[in-house]
2 protein chains.
Amino acid sequence: MTRVSLTWPGRARRRPAPASLSSYSEEAPVSLVRGDGAAVLGALASLGAQATLVYVDPPFFTGRVHRTNARSRRESGEREAFSDQWSDLGEYLEHVEALLVAAREVLAPEGSLVLHTDPRVGHYLRVLGDEVFGDGAFVSEIVWRYRRWPAKTRNFQRVHDLLLRFVRDPSATPRFHQRHEPLAASTAKTWGEGRQRALIVDGRRTRSTTTDEPSPGAPLGDVWEISIVAPSGHERTGFPTQKPLALLERLVDTLTDPGDLVVDPTMGSGTSLLAAWRLGRRAVGVDLGDVAHELTARRLERAGVPFTRVEST
Amino acid sequence: MTRVSLTWPGRARRRPAPASLSSYSEEAPVSLVRGDGAAVLGALASLGAQATLVYVDPPFFTGRVHRTNARSRRESGEREAFSDQWSDLGEYLEHVEALLVAAREVLAPEGSLVLHTDPRVGHYLRVLGDEVFGDGAFVSEIVWRYRRWPAKTRNFQRVHDLLLRFVRDPSATPRFHQRHEPLAASTAKTWGEGRQRALIVDGRRTRSTTTDEPSPGAPLGDVWEISIVAPSGHERTGFPTQKPLALLERLVDTLTDPGDLVVDPTMGSGTSLLAAWRLGRRAVGVDLGDVAHELTARRLERAGVPFTRVEST
DNA sequence: GCAGTTAATGAATCGCATG
DNA sequence: CCATGCGATTCATTAACTG
């Protein structure tokens, strides 16, 4: 296959200065690391950590500074949560590329990277991911479809995000738990709740029948309807780009086993850590920001999740 | 903005040999042209045609030869409809790029290109489209979510296609008719069917109320649930990658006015032409294949659509 | 006519046989 | 050993048939 890749003037493949971690323990159920995402992933990899899921939720190249919202403002005023300003698209892509390269190093062969992005910049990240992970590693584009207050625009309302899944080793059997969703209304009407089976006569398929065995439903697809975190919802932490727990729980549930390691170098308010802990997985979250660490710590304490702080230097 | 672009070894920007059209009339409601898509788009542009919608449904880089299916097999046996085999991804991208370049030439300033693709190769086409149409021209990624039989795979079922929309001129007001979809169940439950209105006190939003005015529903989003053409459906033509009429009607309805011109350089069995005609738009379809022309002609005749054949040389 | 039941069949994958 | 091809699987959808 001919290599197709992205170029831009002055494209650099920078490696972050490697970090070193004090007091990281493989066994800790939940660890919070303050530091640069890519550098800390590299440090985890060199300590021999093997993640089954790395969830990366970088900025979406919006050109904005994102600030805390109402829930957090009440407690400590409006503050900058993270900046999403870049000199150009190339600089942004170099930032994400460093995360992808480091994420790949920490992944177990049967593990997956899930890169959360949006349809304005996600296509560039797919191409970047193909470069980093190689042919055949891109296995799913998950569409997260949500509902929100409509914007006044002469265009279709943007009501979805993209989650790009790459596997570490396309030749390995990936971790995957088959889950099901309800049958389509038309199917239930025609076929009832029984599993369908084709009737083969003389080696030729003639027609289908229903069986007595109940159908588990349709195998889970790649378009997921999940509610956003409501502005006044109990789940809301105040972090501006918070993702729903239900979304992260579905990823963790389908892509990891209990006891596996989940790593998030873009911790934010720690949704992935909470999802992992609730499902009995170990988790490491990495973030540079004060707001992220404060909100995550408060959230985990309230949820009764024991966690360890790890310093990186 | 730094230019980010795709490269591959030996990337060529080939222009198809320009075609010339005999007997094309601007006023014909529906025209069928036999010829190369890009070359004929160029010929239309040099005749001064101005399309409001160009719908492009190229092969999806599957590596397969696509053959007619049951409906057509009964009438004339199984035949090759089109080949989707390429020496490499670069060759494929050069083919699609030629279509995009020519499509842009035939578009009116307020017109849109809609590129139908899938999540395996669509990301590359987005980047290619940005190169051809320029910054700010990519305005929507529409997700067509469908339901189909399950495949046995350790992965999420692939149940969506992508439709990438680019506008010809980002500074022009695009053709766009706002349509609505039913309110979400949870919205209807909380707010009923009345239009919501935010209550602003001292310039600050306090809460929302419902009004007596009935809500038209939620403005149409970019995730569309539309059934595939059923294997035994009346709509089925026998063309292997046939798209549902409902999908094309939604595009034509929202993105064009009655009387506007819709052009499809990847005609197949003519779904876009039929959609355009049913909604009172003019249409030109272009295809090289015998099967495409036979099936389209038969389909339009059965639907009572008057059409003109145009030769290209 | 209408509702309820039965029929027909697509095409994504994996697994296994074949060359 | 690798490429190719065919069989098995099974929801989703509309058409056709039946009472």
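As the structure is a computational prediction, the values presented were derived from the model and not from experiment. Values below: every heavy atom of this structure, side chains too, minus hydrogens, waters and symmetry copies. Lettering follows sequence order; numbering is per chain, from 1.
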Backbone N/O of L274(B) and side chain of R299(B): donor-acceptor pair under 3.5 Å = no

Given that both distances must come in under 3.5 Å, which nucleotide forms a Watson-Crick or G-U wobble pair with dG5(D)?
-> dC16(C)

Can a side chain N or O of S186(A) be found less than 4.0 Å away from OP1 or OP2 on dA12(D)?
-> no

Relative to the 5' end of DNA chain D, which residue comes earlier, T187(A) or A151(B), by the nucleotide with the nearest heavy atom?
-> A151(B)

R195(A) side chain N/O closer than 4.0 Å to the phosphate oxygens (OP1, OP2) of dT10(D)?
-> yes

Do the side-chain N or O atoms of R147(B) get closer than 4.0 angstrom to the phosphate oxygens (OP1, OP2) of dT14(D)?
-> no

Classify the nucleic acid contact of A218(A) as base, sugar-phosphate or nothing, counting any heavy atom under 4.0 Å across all strands shown.
-> sugar-phosphate

Can you tell me if the side-chain N/O atoms of R197(A) get under 4.0 Å from OP1 or OP2 in dT10(D)?
-> yes

Do D161(B) and H116(B) have side-chain atoms, one donor and one acceptor, less than 3.5 Å apart?
-> yes

Side chain of W191(A), base of dT13(D): donor and acceptor closer than 3.5 Å?
-> yes

OP1 or OP2 of dT10(D) sitting under 4.0 Å from any side-chain N/O of S215(A)?
-> no

Centres of the H95(B) and W86(B) rings: under 6.0 Å?
-> yes

Test for a donor-acceptor pair under 3.5 Å between the base of dT14(D) and the side chain of S232(B), counting only N and O atoms.
-> yes

Please state whether the base of dA11(C) and the side chain of W149(B) form at least one donor-acceptor pair under 3.5 Å?
-> yes

Donor-acceptor side-chain pairing of D253(A) and H177(A) below 3.5 angstrom = no

Describe the nucleic acid contact of P240(B) in one word from base, sugar-phosphate, nothing, applying a heavy-atom distance below 4.0 Å.
-> sugar-phosphate

R64(B) vs dA12(C): side-chain N/O to OP1/OP2 distance below 4.0 Å = yes

Watson-Crick or G-U wobble partner of dA11(C), both distances under 3.5 Å = none

Does a side-chain N or O from N69(B) land closer than 4.0 Å to OP1 or OP2 of dA11(C), or not?
-> yes

Determine whether any donor atom in the side chain of Q196(A) lies under 3.5 Å from an acceptor atom in the base of dA12(D), or the reverse, and answer yes or no.
-> yes

